[in-house]
Amino acid sequence: MSKIQRAILSVTDKSGLVDFAHKLVAFGVELVSTGGTARQLRESGIPVKDISELTGFPEMLDGRVKTLHPKVHGGILYRREDSAHRAAVAEHGIPAVDMVVVNLYAFEKTAAKPGVHFDELIENIDIGGPSMIRSAAKNFQDVAVVTSPTDYDAIAEEMGYSSGALSRETKWRLAQKAFATTAAYDSAIASTLERVGSDFELHAAEGFPRNLRLAFQKVADLRYGENPHQKAAMYADGSGAGVANARQVQGKELSYNNIVDLQAAWDLAQEFAEPVCAIIKHTNPCGTATGKTLAEAYVRALECDPVSAFGGVIGVNRTLDLAAASEMAKLFLEVIVAPAFDEGAKAAFAAKKNLRLVEVLAGQQNWVLKNISGGMLVQDSDLHQLVEADLKVVTKRPPTPEEKRALLFAWKVCKHVKSNAILYARDGQTVGVGAGQMSRVDSCKLGAMKAQLPLKGTVAASDAFFPFPDGVEEIAKVGATAVIQPGGSVRDQEVIEAADRLGLAMIFTGVRHFRH
């Protein structure tokens with residue numbers, strides 16, 4: 001391993017820069033820099049050369065040309081063990097560059113600005129940065145390429161115990177990360193420019209992109225997948241929001257199935273403005289309820305199916321407090337997901353060392369992706385929210401105000417039950433859940449069979465239309481008094497007539513919520 005003697009630093013994200021530069025200087029590294037990076041280093045008292053001193057050529061064209069020069073790329077790309085390369089750089093007075101510290105113009109941040117002008121978008125396409133990154137990564141045997149401030153500490157630590165050098169293995173790891181960085185950057189540019197019309201204005205995305213470009217970073221290797229014989233990992237988009245970017249504050253390692261279930265719990269909890277608790281088992285809600293407090297919501301949710309709730313996953317939409325935690329701590333649970341946990345809740349759960357507590361920052365998931373052999377299915381997320389104009393009373397008897405509240409609650413929860421889905425509820429509390437049956441009438445029967453609370457006076461929600469009257473007949477038989485469903489069957493009239501005959505109130509929504 002050879003000592004790093006000269007480094008070029010040119011960064012947009014300057015977090016950690018000054019501290020890292022101080023450490024490089026302490027190792028005897030000569031620093032060469034550009035523009036704002038050089039200015040910040042000088043203002044911090046760190047000796048640095050301008051890139052023009054290296055190239056003998058001034059920065060020009062408003063900064064478009066500063067590092068695109070043979071004395072930069074020659075110093076990065078020449079192979080140190082190649083005698084012809086050494087002779088060429090010596091003949092032209094090209095000094096060696098042993099480290100490149102570069103991160104790129106914030107193109108995505110610029111593209112996200114409301115009303116951004118096309119010219120500003122184009123000016124924020126970095127040229128010199130990706131070129132230096134790729135040159136250094138290609139010649140990783142001799143040059144270390146650093147593209148993220150998160151690597152500064154580890155690099156400085158290794159240089160500290162390796163006399164200012166870095167191992168080949170470290171350089172290769174950095175090179176791999178560098179190529180992934182430029183690939184993601186080019187992908188973001190290409191995806192954004194697809195939205196520029198013939199008027200050279202950036203337009204909101206319409207439909208799906210011609211080319212689907214995905215860039216995620218691995219955040220965890222999981223113990224295994226759905227089953228022990230399957231390998232698995234979790235990747236994140238780096239946004240800081242959503243389950244993949246969540247913060248685990250307690251408990252053992254999350255499993256693949258834990259993550260799938262906590263996503264289901266989180267999604268259901270986000271449907272409600274009032275305090276809510278969703279208890280999930282195998283991605284289906286086995287109990288959901290609202291309440292004046294999270295503690296009340298949890299107790300009511302648990303009443304739906306306390307047997308299935310054992311070993312379940314809980315999602316809430318408020319900071320989880322001591323009162324709710326004290327109730328939840330009485331039951332064996334795998335995961336609890338919340339926007340935050342207060343200190344009292346953490347203390348209440350502290351004795352349950354294996355219980356996973358996960359904090360999630362809310363963020364909208366716009367697309368749902370599903371692998372198929374040879375490709376990918378992509379669809380919009382099911383974010384539809386009912387409004388009053390969607391509701392159509394189709395029976396002779398309209399629902400009472402109490403029934404209507406219960407129906408709207410049931411509709412929100414039913415959306416998160418696997419098809420075919422039937423859900424029985426009272427106002428703010430699930431009573432019975434019939435999930436994933438091949439026949440809708442069987443889901444009606446299963447939901448009633450699972451009920452631990454009285455069914456008389458409940459309402460029922462169906463994620464899709466009733467193909468025959470037998471479903472509403474089964475619902476009436478167990479004591480439910482009102483139904484909410486999409487409608488749209490060729491036998492809608494028969495179903496409505498059955499509801500009228502049985503004294504049920506029925507609302508059509510015109511919206512289906514299949515969940516496969």
Is any side-chain heavy atom of Leu9 closer than 4.5 Å to a side-chain heavy atom of Ser33?
yes
Is any side-chain heavy atom of Leu333 less than 4.5 Å from a side-chain heavy atom of Lys352?
no
Answer yes or no: is there a donor N or O on one side and an acceptor on the other, between the side chain of Gln365 and the main chain of Ser381, under 3.5 Å?
no
Minimal non-hydrogen separation, Ala246 against Val360, with atom names
CB-CG2, 3.7 Å
Salt bridge present between Asp151 and Lys177 (N-O < 4.0 angstrom):
yes
Value rounded to 0.5 Å, distance of CZ in Phe140 from CZ in Arg168:
4.5 Å
Pair Arg318 + Asp342: basic N to acidic O under 4.0 Å:
no
Centroid-centroid under 6.0 Å between Tyr152 and Phe20 rings
yes
Donor-acceptor contact below 3.5 Å, side chain Ser419 vs main chain Arg515:
yes
Closest non-hydrogen atom pair between Ile133 and Ala178, with its separation:
CG2-CB, 3.6 Å
Taken to the nearest 0.5 Å, the spacing of Arg134 CZ from Lys138 NZ works out to 9.0 Å
Taking atom CD of Glu158 and atom OG of Ser167, what is their separation to the nearest 0.5 Å?
4.0 Å
Check whether Lys346 reaches the backbone of Gln250 with its side chain - one donor and one acceptor, N or O, closer than 3.5 Å.
no
Does this structure show an ion pair linking Arg42 with Asp50, if we count only N-O contacts that are shorter than 4.0 Å?
yes
When you measure from the side chain of Asn284 to the backbone N and O of Val417, does any donor-acceptor pair fall under 3.5 Å?
no
Is any side-chain heavy atom of Val145 closer than 4.5 Å to a side-chain heavy atom of Val102?
no
Is it true that atom CZ of Phe179 has more than 12 heavy atoms of other residues, nucleotides or ligands lying nearer than 6.0 Å?
yes
Main-chain N/O of Thr283 paired to Asp261 side chain as donor or acceptor, under 3.5 Å
yes
Under the 6.0 Å and 45° cation-pi test, does Lys412 pair with Phe272?
yes
Side-chain donor or acceptor of Asp13 paired with backbone N/O of Ser148 under 3.5 Å
no
Atom pair CD1 (Ile155) and CE (Met99), whose distance is rounded to the nearest 0.5 Å
5.5 Å
Are more than 12 heavy atoms from other residues, nucleotides or ligands located less than 6.0 Å from atom NZ of Lys231?
no
Polar side-chain atom of Glu327 near backbone of Tyr298 as donor-acceptor pair, under 3.5 Å:
no
Any sub-3.5 Å donor-acceptor pair from Ser187's side-chain atoms to Ala183's backbone N or O?
no
For Gln176, does the CD atom sit with more than 12 other heavy atoms under 6.0 Å from it, leaving out its own atoms?
yes
Between the side chain of Asn103 and the main-chain N/O of Thr12, is any donor-acceptor distance below 3.5 Å?
yes
Kindly check if the number of other-residue, nucleotide or ligand heavy atoms within 6.0 Å of NZ (Lys49) is above 12?
no
Between Ser255 and Asn257, is a side chain to side chain donor-acceptor pair (under 3.5 Å) present by the stated rule, with each step listed?
CA-CA 5 Å; Ser255 72; Asn257 292 335; 5.3 Å; no
Rounded to the nearest 0.5 Å, how far does CG of Asp463 lie from CG of Asp382?
10.5 Å
Backbone N or O of Thr430 within a donor-acceptor pair of the Thr288 side chain at under 3.5 Å?
no
For residues Arg6 and Pro95, report the shortest heavy-atom separation together with the two atoms involved.
NH1-CB, 3.4 Å
Any donor-acceptor N or O pair under 3.5 Å, side chains Thr34, Thr37
no
Nearest-0.5 Å distance that lies between atom CZ in Phe349 and atom CD1 in Ile336:
3.5 Å
